[in-house]
Amino acid sequence: MTRIYCGNLPFSTNDDELRDMFEEFGSVNEATVVSDRETGRSRGFGFVDMDTDGATKAIEALDGIDYKGRTLKVNVARPREERPPRNNRRRY
DNA sequence: GTTGAGCGTT
């Protein structure tokens, strides 16, 4: 299984649409469009978890293509960034 | 609009 990052998505793209466009290259385990937790709006990128061979094919096929006026950026995802504690006020 | 979350215990 490989995690894929898909950036520059139109705000109109949903999890299901993202899954559907990757399904044609392999079995998608999980497809998620990231939304801002505080606004509920799409952040314009998402992640797809699928079979490694399908992921490779999908990256080659989808990276750089035009999708609804947006040039998609598709590549293997980086590990999730560590979040600093939000409930810890800075104190000096 | 470019690399996800949670909001005290999985």
Side-chain angles (χ1 to χ4, degrees):
Chain A
M1 296 290 250
T2 299
R3 269 188 329 199
I4 305 167
Y5 164 82
C6 188
N8 205 30
L9 291 170
F11 287 159
S12 57
T13 304
N14 304 309
D15 294 11
D16 193 66
E17 293 184 67
L18 188 64
R19 169 183 287 269
D20 191 70
M21 65 184 298
F22 280 84
E23 280 279 355
E24 83 178 282
F25 301 100
S27 303
V28 174
N29 181 49
E30 188 77 288
T32 311
V33 172
V34 179
S35 302
D36 191 300
R37 186 177 56 83
E38 308 183 49
T39 67
R41 306 292 124 85
S42 171
R43 298 181 79 173
F45 65 92
F47 293 91
V48 178
D49 189 38
M50 66 186 300
D51 189 44
T52 304
D53 59 275
T56 303
K57 286 187 269 186
I59 291 171
E60 294 182 40
L62 299 176
D63 186 38
I65 69 168
D66 182 83
Y67 181 68
K68 297 184 178 180
R70 303 284 157 194
T71 302
L72 296 183
K73 184 194 300 189
V74 183
N75 52 256
V76 177
R78 302 199 182 98
R80 175 163 37 82
E81 182 181 304
E82 189 108 353
R83 294 263 142 229
R86 206 202 68 179
N87 56 326
N88 188 7
R89 300 291 102 76
R90 253 103 280 161
R91 82 191 59 122
Y92 300 91

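To find a chain, count down the sequence lines: A is the first, B the second, and so on, and within it residues start at 1. Since the structure is predicted, the reported quantities are computational estimates derived from the model, not experimental observations.
Note that CD1 of Ile4(A) is 12.5 Å distant from CD of Glu30(A), once rounded to the nearest 0.5 Å.
The backbone N or O of Gly44(A) sits less than 3.5 Å from a side-chain atom of Ser42(A), completing a donor-acceptor pair. The backbone N or O of Val33(A) lies less than 3.5 Å from a partner atom in the side chain of Asp15(A), making a donor-acceptor pair. At least one donor-acceptor pair closer than 3.5 Å links the side chain of Asn8(A) to the backbone N or O of Thr71(A). In this structure a side-chain-to-backbone donor-acceptor pair under 3.5 Å is present from Arg19(A) to Val28(A).
Met50(A) and Phe47(A) sit in two unconnected hydrophobic clusters of ILVMFWY residues. Membership requires side-chain heavy atoms under 4.5 Å apart, directly or through other members. Side-chain heavy atoms closer than 4.5 Å link hydrophobic residues (I, L, V, M, F, W, Y) into clusters, and following such links, possibly through other members, connects Ile59(A) to Ile65(A). Leu62(A) and Leu18(A) fall within the same hydrophobic cluster, defined by Ile, Leu, Val, Met, Phe, Trp and Tyr side-chain heavy atoms under 4.5 Å apart, directly or through other members.
The nearest whole Å value for the distance from the OH atom in Tyr5(A) to the C1' atom in dT2(B) is 3 Å. Per the geometry, CD belonging to Glu30(A) stands 20 Å off P belonging to dT3(B), to the nearest Å. Residue Ile4(A) contributes atom CD1, which lies 16 Å from atom C1' of dT2(B) at whole-angstrom precision. Taking atom CD of residue Glu81(A) and atom P of nucleotide dT2(B), one finds them 14 Å apart after rounding to whole Å. One can place CG of Asp36(A) at 12 Å from P of dT3(B), the figure rounded to the nearest angstrom. Across the protein-nucleic acid pair, Arg70(A) atom CZ and dT2(B) atom C1' stand 12 Å apart, rounded to whole Å. Note: CG (Asp63(A)) to P (dT3(B)) measures 15 Å, nearest angstrom. Atom-to-atom, CG of Asp15(A) to P of dG4(B) comes out at 16 Å; the value is rounded to the nearest Å.
Within residues 45-59 of chain A, the residues having any heavy atom closer than 4.0 Å to DNA chain B are, in order of number, Phe45(A), Phe47(A). Interface residues of residues 19-27 of chain A facing DNA chain B, ordered by number: none; criterion, heavy-atom separation under 4.0 Å.
In the set dG4(B), dT3(B), dT2(B), the nucleotide with an atom closest to the side chain of Val34(A) is dG4(B).
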Please test Val74(A) against Phe22(A) for side chain to side chain contact (heavy atoms under 4.5 Å, CB included), starting from the C-alpha separation and ending with a verdict. CA-CA 11 Å; Val74(A) 183; Phe22(A) 280 84; 4.1 Å; yes
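Heavy-atom nearest nucleotides on DNA chain B were determined for Leu9(A) and for Thr32(A), and the one closer to the 5' end corresponds to Leu9(A).
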